[in-house]
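The figures that follow rest on heavy atoms only: side chains count, while hydrogens, waters and symmetry mates do not. So you know, we letter chains A, B, ... as the sequences are listed, proteins then strands, and number each from 1. All of these numbers come straight from a predicted model, not from anything done at the bench.
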Amino acid sequence: MAGEQILVVEDNERNMKLFRDVLQATGYRVLEAATGERAVELANEHELGLVLMDIQLPGIDGVEALGQLRRNERTASIPVLALTAQAMDGDRERFLAAGFDAYLSKPVDIVELVATVKRHCERGAR
Amino acid sequence: MEAPVRPHRRLKWKYTAVVAALVAAAIASVGLTELYFTYQDSKRALTRVERDKAFTAATSIEQLMQEILLELETRAQPTKAKGAAGRVERSQDFHRLLGREKLVSELRYLDASGKEQVRINPLELDRLRGGIDLSRSPEFLRARTENRYFGRVYFEDGSQPHMTIAVAERAPGRGVVVAEIDLSFVPQVIERARVGTGGYAYAVDSRGVLVAHPSTDLLLRHTSFASLPQVRAALRGPGHEPADAATIGHDQNGTEVISAYQTIESLGWHVFVEEPLSEAFAPLKSAIWRTALLLVAFLLLASATSVLLARRLVRPIESIQAAAARIGSGALDMRIENTSRDELGALAEEFNRMAERLGESYSNLEQRVEERTRALATALEQLDEKSRELEAASLHKSEFLANMSHELRTPLNAILGFSQLLREQVFGELNEKQDEYLEDILSSGNHLLALINDVLDLSKVEAGQVELEIAPFSLQEALERGVVMVRERATRDGVRVTLTALPDVETVTGDERRVRQVIFNLLSNAVKFTPAGGAVDVCATQVNGEVRVSVADTGPGIAREDHDRIFEEFQQTEAGAAQREGTGLGLALSKRLVELHGGRIWVDSELGQGSTFLFTLPVRPA
């Protein structure tokens with residue numbers, strides 16, 4: 001199970017660093033994308049166990065990127081988790097309805113993050 | 001639009017009636033007065049005529065009688081010769097008289113002993129007749145005692161009236177001259193006295209027996225008229241009636257007559273001249289007819305005239321009325337045609353002016369309504385614009401809030417995340433101080449997160465962006481969940497939490513999530529401020545159509561002056577501030593949420609007596 005590759009899509013460098021360190025410390029390999037376009041590219045090029053997707057990004061946003069992943073047969077079944085600072089009323093419902101497999105709001109509890117990632121990787125691996 | 005008012009009683013007919021009544025009254029009163037006086041006058045005039053006639057007749061009869069009496073008295077004296085010669089002389093004298101005086105039909109001389117000495121009449125020519133004793137006859141006796149005697153009227157040769165008159169011989173002679181007088185002149189004289197066509201005259205003697213009358217039959221039967229009122233009055237003697245007054249009497253058949261009479265003094269007779277009332281007043285009757293005819297004619301004329309007059313008078317009024325009615329029903333450009341210069345003309349003028357003013361103010365009004373409508377439309381547009389602006393502003397505000405939230409959470413994510421990562425000691429051990437500082441960082445970060453959440457919530461409520469999701473839910477369950485959420489901390493702090501909810505407040509209607517938020521806020525405050533060994537009691541009851549939830553604690557209590565303040569933003573009690581926990585926004589947010597539900601929230605507390613926070617929710621029909 002360990003060693004699965006996770007794509008982190010995040011435009012904030014410090015947060016990217018946090019997620020990378022947490023995931024790597026947990027035993028995952030991490031691919032990084034600062035934009036939605038780059039994320040779609042990387043997803044096409046690599047075998048991914050899961051995608052952690054920020055929503056507010058330069059260029060296409062996380063929801064659009066999710067759509068592109070889902071429309072591509074190769075990437076359609078990868079679990080994609082929304083990890084966003086958009087945490088107003090109704091945001092959770094909105095993103096789950098858009099097709100994300102889970103929703104995590106920033107600031108995220110890293111214990112919860114790790115547990116959620118682990119849960120969805122296992123599901124995606126089956 | 002209302003129908004114009006139609007007058008019930010037309011002025012025209014009123015005028016007509018008034019004028020006609022006036023004319024009728026005038027003619028009738030003049031006619032009646034005239035008739036009355038005419039009646040009186042003609043009665044008087046007729047009476048005068050009758051009386052004159054009666055007087056004339058009576059006078060001429062009287063004169064004749066006086067002449068005859070004079071003749072007789074001349075003869076009634078002793079003859080110069082005595083005895084037979086005397087008789088011869090007297091008979092010669094008598095012959096002369098008979099020859100001269102046609103009215104005397106027979107003359108006799110009675111001597112002092114009442115024996116007839118001479119009897120002369122044209123038929124017998126019996127000069128001397130031997131002494132018939134007439135000493136017991138009334139003519140002898142009455143003439144001897146009263147000098148004169150007038151006998152009753154008698155009739156000879158059918159209807160020739162005659163009368164016996166006796167005159168006493170002058171002294172020293174003591175005989176009596178008796179004459180038979182032919183009264184056939186009397187009916188002629190009486191006949192001349194009659195008036196009119198239906199009028200007639202008659203004479204009665206001193207007892208009321210007829211001596212002359214157009215009806216021979218009545219005469220011959222010696223009819224007495226003494227029972228007729230006018231005759232009775234005459235027999236009683238003169239002075240019983242006013243000279244000028246007309247006497248209304250009756251004839252023998254009972255017909256009313258106008259009657260006048262004159263007495264023939266010497267004979268004691270009365271001459272009556274009479275005319276039936278019906279005939280006497282025949283001219284009066286025709287006068288009445290004339291008057292009545294005139295009355296009707298003038299009435300018709302007056303009616304026609306008054307109709308015309310009323311029409312002329314009323315027509316302008318009617319035209320004013322019609323025009324006013326049309327103006328009243330909205331034809332404001334209607335004008336009354338004005339032809340006269342009198343008060344009606346002035347009235348029409350005033351009406352026209354009024355209509356004009358009305359029209360002007362009406363069009364002014366329309367203009368103003370138009371202006372106002374335009375202004376209103378503009379205002380509405382502006383309002384629309386404002387509303388759009390507000391909407392935009394609101395949208396902008398909520399975008400701003402979302403952005404702010406996002407921008408605050410992003411660095412906070414790094415702060416809390418790295419701190420947590422450090423605490424997990426994945427990258428090496430931390431010393432005690434480092435661990436302590438790390439806890440401080442985490443605590444402050446979490447506090448900041450709570451603040452962000454509360455500020456956002458409050459901002460949204462204040463911006464009116466919180467829409468309640470109203471639905472029935474179990475209050476009991478909401479309360480239980482709140483208790484569960486604080487139980488861990490309560491247990492840790494040694495605080496006992498109890499829940500009492502009455503069965504009748506099982507289900508309430510509202511936004512469950514927000515109500516839970518309030519319950520949790522109040523409960524966590526209560527637990528937070530209650531010292532170990534204390535108790536928090538949650539209770540729900542229904543009071544006056546409201547559900548009331550109370551959260552009572554045994555904490556330090558809140559001074560009365562702080563009761564309102566604590567519901568304001570960032571206003572904490574000293575104890576609250578000392579706790580360094582909480583954002584100072586929880587109660588403010590709870591207050592807003594309760595009020596959004598239409599309820600109230602307040603605190604019941606004294607310092608050192610614990611606090612009870614209460615809020616109400618209206619019970620809505622499910």
* To do: Answer yes or no: are there more than 12 heavy-atom neighbours, outside B:Glu568 itself, under 6.0 Å from its atom CD?
  =>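 Yes.
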* Inspect the surroundings of CZ in B:Arg565 and state if more than 12 heavy atoms from other residues, nucleotides or ligands are less than 6.0 Å away. =>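 Yes, because the 6.0 Å sphere around CZ of B:Arg565 holds more than 12 heavy atoms from other groups.
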Reported [atom1]-to-[atom2] distance for the pair [X] and [Y], which is rounded to 0.5 angstrom:
{"X": "A:Leu83", "Y": "B:Asn413", "atom1": "CG", "atom2": "CG", "value": "6.5 Å"}
{"X": "A:Lys106", "Y": "B:His406", "atom1": "NZ", "atom2": "NE2", "value": "6.0 Å"}
{"X": "A:Met88", "Y": "B:Leu456", "atom1": "CE", "atom2": "CG", "value": "5.0 Å"}

Show me the donor-acceptor pairs within less than 3.5 Å that the side chains of residues 43-51 of chain A make with the rest of the protein, sequence neighbours left out.
from: A:Asn44; atom 1: OD1; to: A:Asn72; atom 2: ND2; distance (Å): 2.8
from: A:Asn44; atom 1: ND2; to: A:Val40; atom 2: O; distance (Å): 3.4
from: A:His46; atom 1: ND1; to: A:Leu42; atom 2: O; distance (Å): 3.2

* **Residue-level contacts of residues 417-432 of chain B with chain A, using a heavy-atom cutoff under 4.5 Å** =>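 Listed by number, the contacting residues are B:Gly417, B:Phe418, B:Gln420, B:Leu421, B:Glu424, B:Val426, B:Phe427.
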* Asked: Can you tell which of A:Ile110, A:Leu113, A:Thr84 has the highest number of heavy-atom pairs within less than 4.5 Å of chain B?
  ->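 Highest number of heavy-atom pairs under 4.5 Å: A:Ile110.
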* What option among B:Leu416, B:Thr410, B:Leu412 has the most heavy-atom pairs under 4.5 Å with chain A? ->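 Option with the greatest count: B:Thr410.
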* **chain A interface, residue from B:Leu408, B:Asn453, B:Leu449 that has the most non-hydrogen pairs under 4.5 Å** =>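 The residue among B:Leu408, B:Asn453, B:Leu449 with the greatest pair count is B:Leu449.
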* **For A:Arg14 against B:Ala414, the heavy-atom pair lying closest together** =>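 Heavy atoms only, the tightest pair is CB-CB, 4.4 Å.
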* Which atoms form the tightest heavy-atom contact between B:Ser405 and A:Ala85, and what is the distance? ->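 Here B:Ser405 and A:Ala85 meet closest at OG-O, 4.1 Å.
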* Asked: Checking A:Asp91 against chain B: side chain, backbone, both or neither under 4.5 Å from a heavy atom?
  ->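 When you check distances to chain B, no heavy atom of A:Asp91 falls under 4.5 Å.
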